[in-house]
There are 2 protein chains.
Amino acid sequence: MSKKESNKDLSFDFDFLDKLVVGIGEVSQITGIPTRQIRYWEEKGIITSLTEEEGKNRRYNYENIKKMLLIKEMIDEGYTLDASAEKVKKRMEMIEETLNKLTKK
Amino acid sequence: MSKKESNKDLSFDFDFLDKLVVGIGEVSQITGIPTRQIRYWEEKGIITSLTEEEGKNRRYNYENIKKMLLIKEMIDEGYTLDASAEKVKKRMEMIEETLNKLTKK
DNA sequence: CAATAATTGTAAATTATTTACAATTGCAAA
DNA sequence: TTTGCAATTGTAAATAATTTACAATTATTG
């Protein structure tokens with residue numbers, strides 16, 4: 001296996017996650033969160049879909065989905081929706097920061 | 001961060017990929033393969049969607065998507081569809097095998 | 001050119017999602 | 001208990017996206 005191919009295999013999942021964009025039905029299936037609840041969270045500004053035009057179907061990326069899963073966890077632990085959203089926001093910022101340090105050339 | 005949480009963070013993407021199931025529109029967006037072509041490949045038996053009942057929307061998992069991307073690559077390299085499918089099938093079986101060896105307790 | 005592979009086009013029917021308005025549930029403070 | 005707010009859920013009508021089926025078109029190979 002050539003160097004190029006090998007590299008491609010290793011970086012594949014990251015490329016994939018970058019491109020990954022899914023609809024609300026899939027997010028619901030993946031996360032177990034009802035579509036109605038996802039729309040409600042979005043309505044409240046807790047999450048932000050990538051939807052280009054209003055009326056078109058909502059699109060979510062990996063970060064969105066990750067966020068929803070984390071919020072769901074916090075809510076299950078007893079936090080309110082707003083508190084959960086706040087905590088998750090900070091946590092994701094921290095992870096982001098750490099990742100930046102790790103990947104910085 | 002507790003041991004449990006830390007473990008969860010590390011294994012998260014794998015769990016995620018396991019649960020990941022997307023519709024044909026998303027696959028098309030992700031891979032750049034037109035929906036019409038995806039249906040054609042499926043019709044020919046090259047790929048197999050997870051669709052439960054006929055008439056319902058097609059669902060694809062990570063393995064399906066990976067396969068389509070690989071086939072697309074081979075076709076771009078000049079192989080016929082059938083040859084591409086065959087090569088990809090073998091390649092994926094090899095990867096599967098290797099993974100099994102790696103993860104075997 | 002003929003034959004086959006591969007892809008693409010599209011109409012009509014069906015499935016999935018959106019928006020908007022409303023009702024319901026849960027919980028904590030007065 | 002009831003009052004108020006947070007959070008969720010229900011649903012109808014309109015729209016978006018997908019399915020199937022039949023067909024046409026384009027590429028490639030002998």
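Lettering follows sequence order; numbering is per chain, from 1. Just so it is clear, the model here is predicted, and its values are computed rather than measured.
Whole-Å rounding puts the E43(B) CD to dA23(D) P distance at 14 Å. If you measure from atom CD1 of I24(B) to atom C1' of dT20(D), you get 12 Å, rounded to the nearest angstrom. The distance between atom CE of M68(B) and atom C1' of dA6(C), rounded to the nearest whole Å, is 17 Å. Protein atom CG of N57(A) is 13 Å distant from nucleotide atom C1' of dA14(D), rounded to whole Å. The CG-C1' distance, from L81(A) to dG26(C), rounds to 14 Å in whole Å. Distance E52(A) CD to dT15(D) C1': 17 Å, rounded to the nearest Å. Atom pair I46(A):CD1 and dA6(D):P shows a separation of 12 Å (rounding to whole Å applied). When rounded to the nearest whole Å, the span between OH of Y79(B) and C1' of dT28(D) equals 17 Å.
Picking from dT18(C), dA22(C), dA16(C) the nucleotide with the shortest atom distance to the side chain of R36(A) gives dA22(C). Comparing atom distances between the D82(A) side chain and each of dT9(D), dA7(D), dT18(C) picks out dA7(D) as nearest. Of the candidates dT20(D), dT8(C), dT9(D), dT8(C) carries the atom nearest the P34(B) side chain, counting heavy atoms from C-beta on. If you check dA17(D), dT19(D), dA7(D) against the side chain of Y40(A), the one that comes closest is dA7(D). The side chain of K56(A) sits closest to dA17(D) out of dT18(D), dA17(D), dA16(C). Nearest to the side-chain atoms of T80(A) among the listed nucleotides dA7(D), dT19(C), dT20(D) stands dA7(D). Checked against dT19(D), dA7(D), dT18(C), the side chain of K44(A) finds its nearest nucleotide in dA7(D). Closest approach to the E54(A) side chain among dA6(C), dT19(C), dT17(C) is made by dT19(C) (side chain taken as heavy atoms from C-beta onward).
Side chain of S28(A) to backbone of I24(A): no donor-acceptor contact under 3.5 angstrom is found. Using modelled atom types, no side-chain atom of T31(B) and backbone atom of L69(B) make a donor-acceptor pair closer than 3.5 Å. The backbone N or O of I46(B) lies less than 3.5 Å from a partner atom in the side chain of K67(B), making a donor-acceptor pair.
Contact check, R39(B) against dT20(D): no side-chain N or O comes under 4.0 Å of OP1 or OP2. Proximity of W41(B) to the phosphate of dA6(C): no side-chain N or O atom is located under 4.0 Å from OP1 or OP2. Regarding contacts with the backbone of dA6(C), every side-chain N or O of Q37(B) stays at 4.0 angstrom or more from both OP1 and OP2.
Residues V21(A) and I33(A) do not share a hydrophobic cluster, clusters being chains of Ile/Leu/Val/Met/Phe/Trp/Tyr side chains in contact below 4.5 Å.
Using a 4.0 Å heavy-atom distance criterion, R58(A) is classed as a sugar-phosphate-only contact.
Residue pairs that meet the side chain to side chain donor-acceptor pair (under 3.5 Å) test with at least one member in residues 49-58 of chain B, sequence neighbours left out, are E42(B)-S49(B), E42(B)-R58(B), S49(B)-T51(B).
When the nearest nucleotides of DNA chain C are assigned to I75(B) and Y60(A) by heavy-atom distance, the more 5′-ward of the two goes with I75(B).
Heavy atoms from other residues, nucleotides or ligands lying under 6.0 Å from CD of Q37(B) number more than 12.
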